[in-house]
Each structure stands twice: as C-alpha cells, then as structure tokens.
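Working notes for the structure below.
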Amino acid sequence: MADKPQTRSQYRNSKANNQPETQKSTGKGRRITGNVFKVVFFTALFVAFAGIAGGATMFYTYAKEAPKLTDAKLRDPLSSKILDKNGDVYAEIGKERREYIEYKDIPKQLENAVLSTEDSRFYEHDGMDPIRLVSAAAGNITGGFGSQGASTLTQQIIKMSYLDYTNKTLSRKAQEAWMAIQLEEKYSKQELLEIYINKVYLSDGVHGMETAAEHYYGKKLKDLNLAQTALIAGMPQSPNRFNPFTHPDLAKNRRDIVLKLMYNNDKISKSDMEAAQALPITDGLVDEATRKQKTYAYDTYVDQVIDEIGDKYNPFTDGLTIYTALDPDAQKYTEKMLNTDDVINYPDKKFQAGVVVMDTTTGRVQALGGGRETAESKKVSRGLNRATDIKRQPGSTMKPILGYAPAIEYLDWSTAHILDDAPYQYSSGQTLRNYDSGYLGEMSMRRALYLSRNIPAVKASKEVGYDRARDFANNLGLNYKEVYESTVIGSGEASPIQMAGAYGAFGNGGVYNQPHTVTKIVLSDGKTEVNMEPESVVAMKASTAYMISDMLKDVLTQGTGTRANIPGWNIAAKTGTTNYDEAVRIKNGIPSDGTPDSWFVGYSPRYTVSIWTGYDEPNKNYLSPSETRIAAYMFKAMMEHLVAGQKNPDFKKPSNVNEIPVIIGSNPITRAGAGASGSNISYELFLDGTVPTRTSQAEKKESDTDDKDKEKDTQTDAEKKAAEEKAKKEQEAADKEKAKKDAEDAAKKAQEDADKASLQAPGGLNASYNAATKTVSASWASNGAGVTYDVSVNGQTQNYATTSISVGGGSPGSTVVITVVPVKDGKRGSPASTTVTIPAEQTQPNNDQQTTPPAGDTSGSQNNTNPTTNP
C-alpha cells in the first residue's frame with residue numbers, strides 16, 4: 001500500500017490550526033453545525049426508514065454491535081502464479097485471483113472512471129453522502145437505470161469486507177453507516193481508493209482491477225485505452241452481467257454509461273466519449289482459448305506443485321511466485337499420448353496410466369500424466385493423480401533395486417557373476433517360480449537381469465542380506481519397513497514418481513535427487529527467494545550405478561523390453577508386470593494370464609521416464625498379455641519425443657570399472673583368449689581387484705607350446721623321446737574321454753534344445769475374420785511332437801492338439817483376442833497373442849491393432865507368478 005496520507009480528521013485539524021484565531025471559532029462552529037446536521041439527517045432518515053419511534057436509540061444500539069475495523073479484513077488473500085522452466089506463467093491458484101496495485105500506480109484515467117461512476121463526491125464526504133442519495137436517484141432517471149448507486153465507495157468497502165451482502169435488515173444498514181464513518185477516520189482517501197480497486201469482484205473468479213485488466217485484455221491497467229478502462233470501472237455493479245465474454249451487449253451498454261458519466265463530470269471531452277463508445281466491445285479482448293489455457297492448463301502438474309509447497313507456504317493466500325521445472329512441450333505431449341488415439345491405441349476408456357518425465361541429473365519433474373481423462377475425472381478438481389498418488393506393486397522393476405545393485409555395492413559382484421536359475425523355495429517352504437515355470441540353469445547376473453528371472457534376483461538379495469537391501473532401496477526414496485523374498489520381485493508398493501527417482505539415481509552416477517516440481521519461490525514482497533531444490537544424496541557408488549545401467553541397456557536390445565528399443569540411443573530400462581493372488585484370480589474369474597499392473601521404467605543420461613498402466617479396479621478389469629505391452633509402447637513414444645534432435649550422450653564409466661571379454665557360460669569365469677569365437681564372448685564389467693585371471697584354452701595352448709620349446713633346449717634326446725611318448729599316450733586317453741563326454745553333452749543339449757523349442761511361443765501366429773461364415777480362424781507353426789496348445793479366445797481357454805482353430809461369435813466392431821500357449825508334459829510355455837477386429841460393416845477382415853506384436857514375439861510379456869503376500 002502507498003505511504004499513508006492524512007486522514008480526513010487529520011486534514012481538517014491541520015487546516016483549522018493554520019487559520020487566524022478569529023476564524024477558528026467560526027470554522028469550528030461550522031463543523032459542529034455540519035455534524036449536527038448530519039446526525040439529525042441520518043437519525044431522521046433512520047427513523048423514517050424504520051417507521052418506529054426511538055430510531056436514534058436503535059441506531060446507536062445497532063451501531064455498537066458492528067464488527068471492529070481490522071486491517072486484515074481489508075487486505076485480501078493473494079493468488080499465486082506458477083511459472084514453467086522458461087519463466088512463463090501457466091497457472092494461477094488461490095481462493096481468489098488477485099494481483100495487487102498500489103495507489104501510486106493507479107492510472108488517473110481509471111480513478112476518474114471509478115469515481116465518476118461510483119462516488120463523484122468521494123473526496124468531499126465523510127463516508128456517508130446525503131447529497132448522493134438524492135443525486136443517485138435523479139441520475140438513475142436521466143442517465144439510465146443503474147447508472148449510479150446510492151452507496152458511497154466507502155460503504156461499498158464496508159459491505160465487501162465486513163457485512164453480509166444478502167442481509168437487508170435494518171441493523172445491517174445501521175452498522176454499514178456507522179462503520180463507513182469510522183473507516184474514513186482511520187484511512188486516507190487514497191488508501192480507501194486503493195483498497196476498493198484491489199478488492200472488487202469482476203467475474204470469472206477475478207478480484208481487483210489490475211487482475212481484471214490481465215484477464216480480459218492481457219495488459220496492465222496503465223496500458224488500457226479509455227474504452228477498456230471504462231468497462232473495467234463499470235463492472236463491479238453487476239460483474240457477471242457485464243462480463244464481455246458472456247454478455248457483450250450488456251457490457252457495451254454499461255461501458256457507454258461509464259463514459260457518459262465521465263463526460264458529465266468533465267473528466268473527458270465529448271469527442272473522446274463518442275470515439276470510445278464507437279469501439280466494439282470486443283476491442284482488445286483476449287480470445288477465450290488463450291484465457292482458459294493460461295488459467296487452467298496442466299492440472300495434474302499443478303496438483304503436485306500444491307502438494308510440495310503446501311506444508312511450507314499457502315499458495316492459495318500468500319501471493320507467491322512459484323518457479324517450476326515444467327517443460328510445456330513434454331507436458332503437452334504427455335497429455336496428448338494419454339488422451340488421444342494419435343500415439344497409443346488403448347483397449348478401452350477404463351484403461352489407466354501414470355506418467356512421470358524427470359531430468360535424470362537434477363530430479364526436476366518436467367511433465368506428469370495423472371491419468372487418462374474420463375467423464376468422471378473431468379468433474380473432479382484435484383482428483384486421483386496416478387503419477388504420484390497411487391501405490392501399486394512394481395513387479396520386476398524392483399529386481400535391480402533390491403537384488404543386483406546391492407550385490408554390486410556390498411559384495412563387489414561383477415556383471416558376469418554366476419547365479420543358478422534352479423528350483424528354489426521361499427523360507428516358508430512354498431515354491432518360488434519364474435514367469436514361465438521353467439529354469440535355465442547357470443547364467444550371468446547380466447543375463448538373469450535382462451531375461452527378468454525371479455530366482456536369481458531373490459538369491460542375490462539373500463546373499464546381500466534383506467536388511468541391507470531394504471536400506472539400499474530406502475536411500476532411493478522407497479519406504480520399506482521390511483524386505484522379504486517376494487518384495488525383491490515386486491510384491492511391495494511404489495508410485496511412478498518414486499520409481500522415477502530411484503532409477504534416476506542409476507543414471508546419475510549413484511546420486512539420488514528427490515523428484516520435485518518446484519525449484520524456487522519468491523514471496524509476495526517480490527524480493528525474498530526461497531530455494532526449494534532438495535539436497536542431493538549419494539545413494540550408491542558410481543561404479544554400482546554404471547554397472548546396473550550397462551546391464552539394463554541389454555533389456556532393450558535382447559531382453560524383455562525390446563519393444564521399447566530406440567536403435568542407437570543409450571537408454572537403460574526395465575519391465576515389470578505383476579500377478580494375481582490365485583484365490584483372488586479364481587474368485588473374480590480372471591484368466592491365468594491376466595495381469596493387474598504393467599510397468600516400464602527407464603532412463604538416458606538426460607531423461608528418466610516412469611510409466612504404470614492398469615485399471616483403477618484391478619479385480620474387475622485386468623490386463624491381457626497384449627495389453628501389458630502398452631507401457632513399453634508409451635515409454636518408446638515418450639522417449640523418442642524427448643530425445644529427438646538432441647545429442648546422444650552415454651553413461652560415464654568410472655575408472656575403477658574394467659570391461660573384460662569373457663567366455664559366455666564359463667564357471668569359474670574365464671577371460672576370452674585371442675582365438676575365442678566372437679559369438680561366445682560377452683563383455684562384462686569388473687571392479688578393480690576382481691578381474692578374472694583364468695584364461696581360455698586357446699591362450700593356454702600357446703603358453704604350453706612355449707613351455708615345451710624351453711624344455712626342448714634343456715632335455716637330452718632320450719628324455720625328450722620318453723616324454724613325448726608318455727605325452728602321446730596321455731593325450732590319446734584324454735582325447736578319447738573328451739570325445740565321449742562331448743557326445744554325451746551333445747545328446748543332452750539336443751534334448752534340452754528340443755524341450756526348450758517345444759515350449760517357446762508358437763511362431764507364425766495369425767488370425768483373420770471370414771465375413772461369409774462369420775467365423776474367426778487362427779493358425780500357428782507347430783512346436784514339435786507331443787505338444788498341445790491351450791488356446792484362449794477372449795479369456796475362454798480350451799486345449800487343442802492341432803495348430804489351427806476356427807470359432808464363431810463376436811459382434812460387429814468388437815475385438816477378439818487370441819492367445820496360444822504350448823503345453824508339454826504338464827509344463828506350459830511362453831504365450832503368443834494376436835487380435836482380430838470384426839468390421840462394423842462385415843465386408844473384409846481388419847488388420848491387427850497397434851498393440852499386436854510381431855508373430856511369435858513374446859519379449860516383455862513376462863509375468864511374475866509368485867505369491868505377493870509376505871511369507
């Protein structure tokens with residue numbers, strides 16, 4: 001507020017004290033006479049209005065009950081502005097939208113317009129104006145009804161600040177008169193005008209004329225022309241009726257009345273009045289789309305901003321300027337991906353998702369997708385934010401966090417560390433299974449991770465110790481009190497934003513930054529800045545983060561996440577699906593391959609993207625095998641959009657990490673020699689002091705030859721001959737034994753390959769619709785002798801010994817989902833799925849939907865089949 005000028009009483013006293021002595025008594029007498037006249041007038045008016053005797057006494061009684069004047073009632077709460085990463089305002093929040101302007105900054109043109117319309121004798125009365133009561137009545141006849149009101153500007157402030165507008169009782173009118181006189185004694189005229197201009201309501205949730213100028217014209221008050229100023233000044237009488245967006249004709253009529261009043265009060269010339277009245281009411285108005293976008297855009301992101309600062313400041317009342325990390329381009333694309341079919345073809349309207357886009361190095365959240373819009377969600381302010389609020393089982397995305405990263409951190413494991421994927425039991429004695437119910441034997445930690453095997457992950461966590469694994473996870477923003485075998489493979493709970501923070505630390509050299517939207521706040525004084533960036537925490541060694549990232553790259557190139565691969569880009573990621581408790585599944589009629597949750601979390605050195613997909617009521621709706629892949633498609637689309645046109649940095653390898661070629665499947669781990677085949681080599685990561693010393697056979701043979709050459713120089717001919725003879729016999733025996741073992745191994749491997757092939761996802765699965773016979777036909781390649789097939793058609797499963805089926809039914813426009821699972825010796829293999837859409841006009845078969853994978857491609861469709869309750 002401006003520096004406080006003199007109040008009316010101070011002004012009168014100073015004038016009286018400066019008069020000659022002979023005039024003082026005369027002036028005082030005049031003031032007494034004037035005050036007596038006012039008291040008599042108001043008392044008479046009150047008595048006449050009340051129609052009862054003793055009106056003056058009642059006036060005094062009512063006035064004593066009036067609320068006390070307080071500055072807090074006059075100073076209204078201020079709304080807060082939210083800025084994106086570019087410094088542009090994209091939202092304004094608060095109980096009332098209000099931008100304060102001080103008296104010294106109020107344009108004289110606006111002051112003239114307001115006073116001409118609301119209170120032309122404002123600088124002459126003491127809060128109540130008997131002359132205005134009469135002139136207002138006459139003005140409404142000559143200038144048009146509603147041209148002037150009877151209340152002074154001071155009375156209007158009292159009504160807005162202290163009294164109930166709707167209360168028309170005698171007591172309220174008496175209190176209003178009494179408080180208006182008091183207000184004039186306490187505040188200067190300039191202060192009162194400043195309060196009024198900042199307090200009045202002007203429709204659309206807007207309070208204050210400076211805010212109204214921004215809302216309706218996109219300008220400051222000082223930049224408005226005469227016609228625009230007149231509209232703003234005239235709106236307080238009936239804000240909604242005079243809203244130029246919704247009632248342009250009424251708004252123009254009101255504006256022209258204000259201009260006429262300004263002319264009548266000699267504030268503008270006749271030519272100025274006529275020129276302003278000739279302008280269309282739409283002159284300078286912002287378009288409605290821009291107005292709504294600026295005010296209401298990005299609700300999900302704004303919700304998170306409010307949540308982050310709500311316990312520190314009140315964004316609804318404190319008049320904050322809030323700087324955030326929002327990237328408008330990323331946010332718009334996120335909303336487009338969720339709420340249109342331009343990017344993803346969703347199965348139905350109930351299908352939901354939560355999306356987080358975060359800066360990997362800072363933890364700043366650049367975009368949030370709180371869910372797909374539905375008719376219900378559009379009606380709810382601050383509804384469920386699935387990016388931040390939900391807690392769902394994260395599935396296999398927990399394996400790096402609770403299993404492999406702690407093993408590297410605490411046990412110095414290499415990426416080639418051997419783990420046995422073999423039958424295993426929970427501590428309760430219950431069998432722990434992989435998603436395919438099979439076992440692959442010994443394998444490297446790298447392969448176990450990118451193939452998402454359950455048993456190796458649990459074994460890794462157990463060797464670390466579940467308490468240490470829990471502490472490791474909690475350093476990454478998770479909140480686990482206890483960790484069990486089932487927690488390692490995803491039976492705990494997490495939100496998409498928590499998973500983004502945890503995975504972001506892997507991409508940031510082991511440094512964890514809590515995901516956040518707000519970077520700083522500037523308080524209402526415009527000067528005080530508050531840093532809102534959370535402190536960074538070293539959650540793990542840089543070597544651990546790099547080794548996990550290097551392994552997670554393979555998920556996209558040869559593991560369960562190949563659908564999301566962006567060739568040539570350095571991106572690490574992990575899939576995650578969950579399963580139903582068997583009792584819940586059977587009770588709700590959910591098929592064995594139904595899934596409640598599907599995740600895809602990944603990162604590049606610059607961006608981290610976390611995606612959850614599923615249904616709000618998972619016991620009523622479930623994900624089919626093909627629908628579990630949607631999270632991967634969303635991740636790929638989002639990441640491709642983010643990295644387009646940018647450089648492709650890689651994760652920085654620490655100096656204590658060594659990349660060594662090793663023989664695949666070797667145990668103990670063996671370095672590859674010079675003659676080793678490239679297809680048998682895997683480049684693995686070892687910490688200093690753990691690099692394998694054992695080398696492959698090809699290199700050993702070369703070393704043995706060198707040793708024999710040395711012996712040749714020192715041995716006698718007789719000794720050499722005897723040694724060669726002995727060596728020959730030993731070699732022959734060894735060769736014979738080796739040949740026998742190789743034959744046995746070859747036979748065993750052939751059988752294993754045959755068994756494995758028989759349970760692979762059936763290849764060549766395709767389906768079509770025959771409009772003539774109204775049937776759906778499907779066929780697939782055989783997996784070999786002795787294999788039957790569980791064929792599921794829209795959840796109904798039947799076993800077949802053939803490699804083709806034909807089924808009837810289905811209505812025009814519906815989609816038929818067909819899943820084929822090979823079965824041999826009681827074991828079920830990997831599924832293959834496809835879909836057929838029956839045309840609305842049954843004329844020709846339709847192509848598979850977007851989410852249908854290439855025939856036989858089952859990567860990413862894995863599903864944990866372990867109990868999710870703690871043992």
Please determine whether side-chain contact (heavy atoms from CB on, under 4.5 Å) holds for the pair Lys332 and Asp327, giving the CA-CA distance in whole Å, both sets of side-chain angles, and the decisive distance to 0.1 Å.
CA-CA 9 Å; Lys332 289 176 183 177; Asp327 182 334; over 6 Å; no

Contact between [X] and [Y] at the side-chain level, heavy atoms closer than 4.5 Å - yes or no?
X: Val365; Y: Gln304; value: no
X: Tyr512; Y: Pro534; value: no
X: Val305; Y: Tyr301; value: yes
X: Ile197; Y: Tyr100; value: no
X: Ile390; Y: Pro496; value: yes
X: Leu231; Y: Tyr217; value: yes
X: Lys219; Y: Gln228; value: yes
X: Leu326; Y: Lys85; value: no

Rounded to the nearest 0.5 Å, how far apart are [atom1] of [X] and [atom2] of [Y]?
X: Gln237; Y: Phe242; atom1: CD; atom2: CZ; value: 5.0 Å
X: Thr229; Y: Lys222; atom1: OG1; atom2: NZ; value: 12.0 Å
X: Ile268; Y: Leu261; atom1: CD1; atom2: CG; value: 9.5 Å
X: Met209; Y: Ile232; atom1: CE; atom2: CD1; value: 7.5 Å
X: Leu221; Y: Asp105; atom1: CG; atom2: CG; value: 10.0 Å
X: Leu368; Y: Asp303; atom1: CG; atom2: CG; value: 9.5 Å

Show your working on side-chain hydrogen bond (donor to acceptor under 3.5 Å, both in side chains) between Thr608 and Thr360 and close with a plain yes or no.
CA-CA 5 Å; Thr608 297; Thr360 301; 2.8 Å; yes

Which residues pass the side-chain contact (heavy atoms from CB on, under 4.5 Å) test with [X], sequence neighbours left out?
X: Val530; result: Tyr313, Ile521, Leu523, Met532
X: Ser536; result: Val511, Asn513
X: Ser271; result: Ser269
X: Lys520; result: Tyr323, Glu529

Taking all non-hydrogen atoms of both residues into account, name the closest pair between [X] and [Y] and its distance.
X: Ala227; Y: Leu279; answer: CB-CD1, 3.9 Å
X: Met262; Y: Leu226; answer: CE-CD1, 4.0 Å
X: Leu202; Y: Pro236; answer: CD2-CD, 4.0 Å
X: Leu153; Y: Phe122; answer: CD2-CE1, 3.8 Å
X: Ala500; Y: Met358; answer: O-CE, 3.3 Å
X: Asn86; Y: Pro328; answer: ND2-CD, 4.1 Å

Between the main-chain N or O of [Y] and the side-chain N or O of [X], is there a donor-acceptor pair closer than 3.5 Å?
X: Ser524; Y: Gly319; answer: no
X: Arg372; Y: Asn339; answer: no
X: Glu118; Y: Leu115; answer: no
X: Gln155; Y: Thr152; answer: yes

Set out, in order, the CA-CA distance, both residues' side-chain angles and the distance that settles side-chain contact (heavy atoms from CB on, under 4.5 Å) for Leu320 and Val522, then state yes or no.
CA-CA 6 Å; Leu320 309 172; Val522 177; over 6 Å; no

Yes or no on side-chain contact (heavy atoms from CB on, under 4.5 Å) for Val89 and Ile82, after CA distance, side-chain angles and deciding distance?
CA-CA 6 Å; Val89 176; Ile82 307 180; over 6 Å; no

ring-ring contact (aromatic ring centres under 6.0 Å, His included) against [X], all qualifying residues, sequence neighbours excluded:
X: Tyr333; value: His641
X: His516; value: none
X: Tyr201; value: His207

Tell me, with the steps shown, if Asn240 and His247 meet side-chain hydrogen bond (donor to acceptor under 3.5 Å, both in side chains).
CA-CA 8 Å; Asn240 293 332; His247 302 289; over 6 Å; no

List the steps, then state whether side-chain contact (heavy atoms from CB on, under 4.5 Å) holds for Asn253 with Leu250.
CA-CA 5 Å; Asn253 183 60; Leu250 293 175; 5.7 Å; no

Can you sort out the partners of [X] under salt bridge (Lys or Arg N to Asp or Glu O under 4.0 Å), two or more places apart, ordered by chain and number?
X: Glu533; value: Arg364
X: Asp359; value: none
X: Lys252; value: Asp256
X: Lys220; value: Glu99, Glu210, Glu214

Have [X] and [Y] got a donor and an acceptor in their side chains that come within less than 3.5 Å?
X: Gln331; Y: Gln366; result: no
X: Thr517; Y: Thr324; result: no
X: Glu92; Y: Ser79; result: yes
X: Gln190; Y: Glu194; result: no
X: Asn385; Y: Thr300; result: no

Below 4.0 angstrom, N of the basic side chain to O of the carboxylate: do Lys108 and Glu111 qualify?
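Yes.
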
Salt-bridge present (Glu184, Lys189; N to O < 4.0 Å):
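Salt bridge between Glu184 and Lys189, a charged N being under 4.0 Å from a carboxylate O: yes.
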
Mind jotting down which residue pairs meet the salt bridge (Lys or Arg N to Asp or Glu O under 4.0 Å) criterion with at least one end in residues 262-281? Sequence neighbours excluded, please.
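Residue pairs with at least one partner in residues 262-281: there are none.
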
